[in-house]
Amino acid sequence: MPLITTETGKKMHVLEDGRKLITVIPGDGVGPECVEATLKVLEAAKAPLAYEVREAGASVFKKGIASGVPQETVESIGKTRVALKGPLETPVGYGEKSANVTLRKLFETYANVRPVREFPNVPTPYAGRGIDLVVVRENVEDLYAGIEHMQTPGVAQTLKLISWKGSEKIARFAFELVRAEGRKRVHCATKSNIMKLSEGTLKRAFEKVAQDYPGIEAHHIIVDNAAHQLVKRPEQFEVIVTTNMNGDILSDLTSGLIGGLGFAPSANIGDEVAIFEAVHGSAPKYAGQNVINPTAVLLSAVMMLRYLEEFATADLIENALLYTLEEGRVLTGDVVGYDRGAKTTEYTEAIIQNLGKIPKRARVREHKPFRLPKVDGAIAAVVPKSRRVVGVDVFVETDLLPEPLGKALEALAEGTPFRLKMVSNRGTQVYPPTGGLTGLVDHYRCRFLYRGEGEAGDEEILDLVRRVASRFRWMHLEKLQEFDGEPGFTKAQGED
Ligand code: NAP
């Protein structure tokens, strides 16, 4: 069978002659030039690879395929399990779905890995500080699940879903990356001081997983401080693991630390499939001019070779790249200015000529095979010993002030097993009054606690909602639950 699972858990397609089959997507704009340069270097380095070239992006949207990813491409990746792709445009007016996001989601590539390092002769304000770090971004959960609702005509909601399973997986992924790359330290960056339950889930999973890796220093850092520290002293970081939106922002920041998008590779890795691509987009203004820096795609291919456990070829190419940059004779326009920069093809040729050479100062990190983390695959990953429904939050739309609203709700709850605990507006208690001077919108959360024996039953909750609905327009309900005696909900600002 050509599809194998390595001892480290990775799936790959190995041909009879030992070459590994990968899907190549040239992409849009500067994509084909960057991918062509990369394939030339891979060929010159005798990388033991075979390719299936497939389409995605603008050309596909133009054919009227709204996802931007045709079935042949999906099937090819399903077969090869590994893809190298150029950037894909998201043209406006052809369905407006991102083909990149489609690919990441279709194949559940839950880890987005973005390494950045200082390169010789690439000027940055941080030159000489030895930046060499990786951002590991959770790639499928969080606000990017895209579950959004207008709850009132003027108030929008996005659900931020963070699972224990997803958090444990990405945390283990980060520790495994530290191990594979011979690093010492990992930081987990979250906003768990504010979002104690959602962001806090990653923090708690990270702290639990850290116990399995006693040789690795594990630190938690609040994400805003991580941004500050990354600008002030980026060299203190080795691996940063973080939730989807934090990672989106932090990893663009880190690309900016090392000389720009021409040098920022990435990988999207899941249990079944891995997709390697530059961080940058299709840079349309440079398309077809033979001036673009192909390094980011080339380094993505180097990451792919290490994923495929082709370490010698990966080191050969990375050394040739570092040697070329260290030599500083042939550099692209983004580094030395487009009036003086080398053509993409000249730069590629220089790297090829330098295959086999070792740079004087810049070092290639030693890599061990990366082990894909295994976590319990059960759908219900956390099973509490006990659970209890202790109340309900009913969200209503009204332009009443808090005092009359609170009094009306108290009257409606009379004779039910619930009492109104408080009413909040955008998370701050406004009834009973706290003495604060909170601004108001037409979106209130009304918290009712259960006073009866045992737990609140669905019929009791629905009866309460019917009573509330007799006077107010409700749009959302949230049961208040306790798991193993711990509240599964947070308090409002100002709530006792
Ligand atoms: P972009 O294509 O990344 O280009 C922004 C700027 O970054 C360029 O103008 C250029 O800066 C610099 N740059 C990008 N790649 C470079 C390289 N290889 N070498 C040197 N400099 C490079 O971002 P965009 O213009 O916002 O997006 C264009 C299209 O790409 C959009 O359709 C977007 O949706 C898509 N996109 C795709 C991906 C992906 O496929 N993963 C990612 C991002 C964006 P200067 O102008 O300063 O020279």
Side-chain angles (χ1 to χ4, degrees), residues 23-38 41 54-62 67-69 73 83-107 109 112-114 116 119 122-124 137 139 144 247-249 251-269 274-301 303 321 325 330-348 351:
T23 303
V24 172
I25 301 171
D28 302 319
V30 296
E33 294 161 72
C34 295
V35 169
E36 191 188 327
T38 299
V41 177
R54 293 290 182 270
E55 265 188 312
S59 57
V60 178
F61 285 115
K62 284 176 191 149
S67 66
V69 185
T73 305
L84 177 66
K85 72 173 266 298
L88 306 178
E89 246 178 64
T90 308
V92 178
Y94 291 95
E96 294 172 35
K97 278 269 170 206
S98 160
N100 295 304
V101 177
T102 303
L103 281 170
R104 287 176 207 157
K105 293 232 169 190
L106 269 181
F107 294 108
T109 54
N112 182 238
V113 185
R114 291 188 175 188
V116 293
F119 289 101
V122 179
T124 83
R137 162 187 171 193
N139 215 16
Y144 291 54
D248 193 2
I249 298 166
S251 64
D252 260 38
L253 187 160
T254 56
S255 307
L257 298 175
I258 50 100
L261 287 172
F263 291 93
S266 81
N268 298 285
I269 298 180
I275 302 173
F276 298 83
E277 61 179 335
V279 169
H280 66 72
S282 58
K285 71 178 181 191
Y286 297 117
Q289 294 176 35
N290 195 20
V291 295
I292 200 71
N293 182 355
T295 306
V297 176
L298 182 62
L299 284 171
S300 306
M303 291 176 82
L321 168 71
L325 294 172
V330 187
L331 297 171
T332 43
D334 54 328
V335 181
V336 293
Y338 283 95
D339 49 340
R340 300 200 290 128
K343 298 280 178 211
T344 308
T345 42
E346 289 165 358
Y347 178 70
T348 308
I351 296 170

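Computed over heavy atoms, backbone and side chain alike; hydrogens, waters and symmetry mates excluded. In listed order, ligands and their atoms are each counted from 1.
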Checklist entry - Below 4.0 Å from any atom of ligand 1, is there a heavy atom belonging to Y286? => result yes

Next on the checklist: If I compare all heavy atoms of T348 with all of P294, which pair ends up nearest, and what's the gap?
Outcome noted: OG1-CG, 4.2 Å

Next on the checklist: Quick check: closest heavy atoms across E89 and D28, and the distance to 0.1 Å?
Outcome noted: N-OD2, 2.7 Å

At a non-hydrogen distance cut-off of under 4.0 Å, which region of [X] contacts ligand 1 (side chain, backbone, both, or neither)?
X    : value
F263 : neither
N100 : side chain
T90  : both
V279 : backbone

Next on the checklist: Minimum distance, heavy atoms only, to atom 44 (C) of ligand 1: which one of G281, A58, G333 is it?
Outcome noted: G281

Checklist entry - Which option, S282, A99, P294, owns the non-hydrogen atom nearest atom 30 (O) of ligand 1? => result S282

Spacing of [atom1] belonging to [X] relative to [atom2] belonging to [Y], to within rounding of 0.5 Å:
X    : Y    : atom1 : atom2 : value
R340 : L331 : CZ    : CG    : 9.0 Å
N268 : N100 : CG    : CG    : 8.5 Å
I351 : T295 : CD1   : OG1   : 5.5 Å

Taking [atom] as the reference point, the nearest protein heavy atom with its distance:
atom                    : answer
atom 17 (C) of ligand 1 : I292 CD1, 3.5 Å
atom 21 (N) of ligand 1 : Y338 OH, 4.0 Å
atom 35 (C) of ligand 1 : L88 O, 3.5 Å
atom 2 (O) of ligand 1  : A283 N, 2.7 Å
atom 41 (N) of ligand 1 : E277 OE1, 3.2 Å
atom 25 (O) of ligand 1 : P284 CD, 4.4 Å
atom 46 (O) of ligand 1 : K285 NZ, 2.7 Å
atom 7 (O) of ligand 1  : L261 CD1, 3.5 Å

Next on the checklist: Consider side-chain contact (heavy atoms from CB on, under 4.5 Å). Of I292, L298, T344, which one does C34 pass it with?
Outcome noted: I292

Next on the checklist: Given F263, which partner from the list L325, V279, V116 fulfils the side-chain contact (heavy atoms from CB on, under 4.5 Å) test?
Outcome noted: L325

Is any side-chain heavy atom of [X] closer than 4.5 Å to a side-chain heavy atom of [Y]?
X    : Y    : value
L84  : T38  : yes
Y347 : L321 : yes
Y144 : D248 : yes

Next on the checklist: At less than 4.0 angstrom from any non-hydrogen atom of D334, what atoms of ligand 1 do you find?
Outcome noted: 19 (N), 20 (C)

Item to check | E89 neighbourhood, listing ligand 1 atoms whose heavy-atom distance to it stays under 4.0 Å | outcome: 32 (O)

Checklist entry - Between R104 and E277, is the closest basic N to carboxylate O distance under 4.0 Å? => result yes

Item to check | Heavy atom of protein closer than 4.0 angstrom to atom 27 (O) of ligand 1 | outcome: no

